[in-house]
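Working notes, structure below.
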Amino acid sequence: MNKDRILTRRWNNWLTFGFGLPTLIYAVIFMSTTIVSDFSGFIGMFLLGAFY
């Protein structure tokens, strides 16, 4: 397995989808429910933004 077989457009799309989906789910939960307090929701959004 060489670099050209791994670094393809298809793999890039799957990795982008895989990394972006948890962030999107967290953002939807944070914005639409009161499960998470305001401060901890802010910290979570900050950490996800800093990570990605």
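Under the 4.5 Å side-chain heavy-atom criterion for Ile, Leu, Val, Met, Phe, Trp and Tyr, Leu47 and Ile29 are members of distinct hydrophobic clusters.
Partners of Leu15 by side-chain contact (heavy atoms from CB on, under 4.5 Å), not counting sequence neighbours, listed by chain and number: Phe19. Every side-chain contact (heavy atoms from CB on, under 4.5 Å) that Trp14 has, sequence neighbours left out, goes to Arg10, Phe17. Qualifying side-chain contact (heavy atoms from CB on, under 4.5 Å) partners for Tyr26, counting only residues two or more places apart in sequence or in other chains: Phe30, Val36, Met45, Leu48.
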